[in-house]
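Input: a single structure, listed below in structure tokens.
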Amino acid sequence: EKGGHKHWMSKEIAEQPSVLADVLAHYLPGGQLTFPGDALDFTGIDRVVMVACGTGFYSCFVAKYWLETLARIPVEVDVASEFRYREPPLSERTLAIFVSQSGETADTLAAMRFAAGKCRIASVVNVAQSTIARESDLALPILAGREISVASTKAFTCQLMVLALMAIKAASDRGTLTQDALKGRIAALSSLPALVSQALAVGPQINDLAQELSEAHDILFLGRGAMYPLALEGALKLKELSYIHAEGYASGELKHGPIALIDSHVPVIVMAPSDALFDKTISNMQEVMARGGKVLLVTDAAGAEMAGHGCWGVIRMPEADPMFAPVLYAIPAQQIAYHTAIAKGTDVDQPRNLAKSVTVE
Ligand code: M6R
């Protein structure tokens with residue numbers, strides 16, 4: 001039933017082109033953006049708060065970049081286990097979005113119940129009959145299909161796709177993008193299933209690097225802009241599966257402390273499409289290399305040409321709209337965790353101490 005795959009995780013990684021296409025078919029039938037109900041009308045909203053745990057939290061964090069840049073709406077993100085303790089002010093002009101694969105995570109549910117009655121509530125869920133879906137004003141399905149491996153993979157990219165479409169809807173409602181710009185962003189999202197499918201081809205190359213990665217005690221992930229939350233997600237996936245200590249940092253933050261960790265034993269994985277921020281990220285990467293750090297650069301062909309020289313490894317990704325690159329670069333992040341875990345001999349689908357659904361606070 002794993003369809004020839006050794007692990008559920010590898011099957012679920014491989015399914016991403018097809019489930020992402022399902023999300024597009026659902027929310028963009030005939031190329032027309034379609035969201036159910038009027039609860040998702042952004043005209044009367046002046047603030048969005050997004051709440052989730054783990055990988056879902058990183059989806060929210062990526063979406064903050066999209067909603068703020070495209071729709072010019074302020075977005076606050078928080079982990080569910082912290083959200084309600086500071087009694088955040090909420091009003092009827094606030095849209096609170098709760099993101100959960102299972103729809104049963106206790107922290108997220110408690111945060112949602114705190115917000116209930118104070119503001120509008122939408123959820124982005126995989127399990128349509130779940131408690132979180134049932135208790136929200138509007139439940140948006142991510143259509144990823146059943147996710148069995150404890151590590152979230154296809155649910156992450158499907159969450160991102162739904163949230164990206166939501167950001168485009170928000171931009172359209174609020175009139176912050178021209179019709180041409182909206183069309184361009186929709187076209188960019190529509191091209192992602194095919195690009196993700198091409199990105200899956202980097203698996204064997206990552207496999208070749210995995211043995212060396214598996215011998216590290218600490219690994220850093222760097223990203224800038226919307227790639228910063230992806231760096232956090234890459235680090236979470238790696239520590240969850242391989243039990244190697246990993247941290248994600250905003251590239252520019254490295255020099256404010258973490259650079260003290262760098263020596264030849266600490267691999268640094270730089271996730272950087274050749275976008276407007278590329279030069280700055282590359283100068284951060286060079287600071288790492290100057291201190292003997294071993295850099296794995298994940299970039300596109302132009303980025304590899306400009307900055308690949310002297311890196312320990314270069315993973316080449318297809319060209320994509322830099323804004324939506326986190327969807328594409330999620331693939332190497334997942335594969336790095338997967339192959340490193342196999343090289344270490346850990347239990348890929350059922351890592352120690354973890355459960356698929358965390359139903360205690
Ligand atoms: O079902 P949920 O999306 O609410 O679960 C949230 C987290 O527990 C989950 O994303 C966890 O971090 C994953 N194991 C990460 O791979």
Side-chain angles (χ1 to χ4, degrees), residues 7-13 15-16 19 50-63 77-84 96-113 115 121-136 139-163 221 229-244 246-248 326 330-338 340-341 346-361:
H7 301 98
W8 289 111
M9 184 181 179
S10 111
K11 177 174 186 276
E12 289 162 4
I13 289 174
E15 281 169 354
Q16 288 174 106
V19 289
M50 304 186 75
V51 180
C53 302
T55 288
F57 172 68
Y58 298 134
S59 302
C60 294
F61 202 172
V62 171
V77 292
D78 207 349
V79 290
S81 54
E82 285 298 318
F83 177 66
R84 71 189 200 279
I97 303 171
F98 297 85
V99 177
S100 175
Q101 186 285 130
S102 61
E104 301 296 347
T105 299
D107 287 316
T108 311
L109 184 59
M112 194 174 102
R113 287 179 174 157
I121 293 180
S123 62
V124 174
V125 287
N126 196 27
V127 181
Q129 321 78 337
S130 59
T131 314
I132 289 177
R134 279 189 278 109
E135 291 192 18
S136 45
L140 299 171
I142 63 162
L143 308 159
R146 187 150 177 238
E147 191 180 66
I148 292 170
S149 181
V150 165
S152 194
T153 53
K154 60 177 180 169
F156 177 63
T157 47
C158 288
Q159 284 163 357
L160 289 181
M161 187 64 106
V162 172
L163 294 170
F221 285 77
L230 188 71
L232 297 172
E233 165 64 5
L236 172 66
K237 210 100 298 174
L238 186 70
K239 65 188 132 189
E240 187 175 21
L241 291 183
S242 68
Y243 319 151
I244 295 171
E247 295 297 335
I331 306 301
Q334 295 162 356
Q335 287 177 329
I336 287 167
Y338 177 74
T340 305
T346 54
D347 185 340
V348 171
D349 283 331
Q350 188 54 257
R352 69 183 181 200
N353 307 340
L354 294 174
K356 181 64 183 162
S357 182
V358 183
T359 51
V360 287
E361 275 187 61

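The figures that follow rest on heavy atoms only: side chains count, while hydrogens, waters and symmetry mates do not. Just follow the structure's listing: the first ligand is 1, and inside any ligand the first atom is 1. Nothing fancy with the numbering, it's 1 onward along the sequence.
Near Q101, with a cut-off below 4.0 Å to any heavy atom, the atoms of ligand 1 are 1 (O), 2 (P), 3 (O), 4 (O). When each atom of ligand 1 is checked for a heavy atom of S102 under 4.0 Å away, the hits are 1 (O), 2 (P), 4 (O).
Here's the thing with V99: none of its N/O atoms is less than 3.5 angstrom from an N/O atom of ligand 1. Below 3.5 Å of separation, one finds an N or O of S152 facing an N or O of ligand 1.
One side chain, S136 or S123, offers a donor N or O that lies under 3.5 Å from an acceptor on the other. Side chains of Q334 and Q16: a donor on one and an acceptor on the other come within 3.5 Å.
Remark: minimum distance from atom 6 (C) of ligand 1 to any protein heavy atom is reached at C53 O, 3.4 Å. Protein heavy atom at the shortest distance from atom 8 (O) of ligand 1 is V358 CG2, 4.2 Å. Here the heavy atom of the protein found nearest to atom 14 (N) of ligand 1 is E240 OE2, 2.4 Å.
Listed here is the closest heavy atom pair of Q159 and T55: OE1-O, 4.3 Å.
Across T105, T55, L109, heavy-atom proximity to atom 11 (C) of ligand 1 is greatest for T55.
Among residue pairs with one or both ends in residues 147-161, those qualifying as salt bridge (charged side-chain N to carboxylate O under 4.0 Å, His left out) are E15-K154, E147-K356; sequence neighbours excluded. The list of salt bridge (charged side-chain N to carboxylate O under 4.0 Å, His left out) pairs with a residue in residues 97-108, not counting sequence neighbours, is empty.
I132 has its side chain within reach of T108: a pair of non-hydrogen atoms, C-beta onward, lies under 4.5 Å apart.
With a 4.0 Å heavy-atom cut-off, ligand 1 is reached by no atom of K356. If you look at K237 next to ligand 1, the close heavy atoms, those under 4.0 Å, all belong to the side chain.
Here the CE atom belonging to M9 is positioned 6.5 Å from the NZ atom belonging to K237, to the nearest 0.5 angstrom.
Contact analysis puts A151 in contact with ligand 1, with a non-hydrogen atom separation below 4.0 angstrom.
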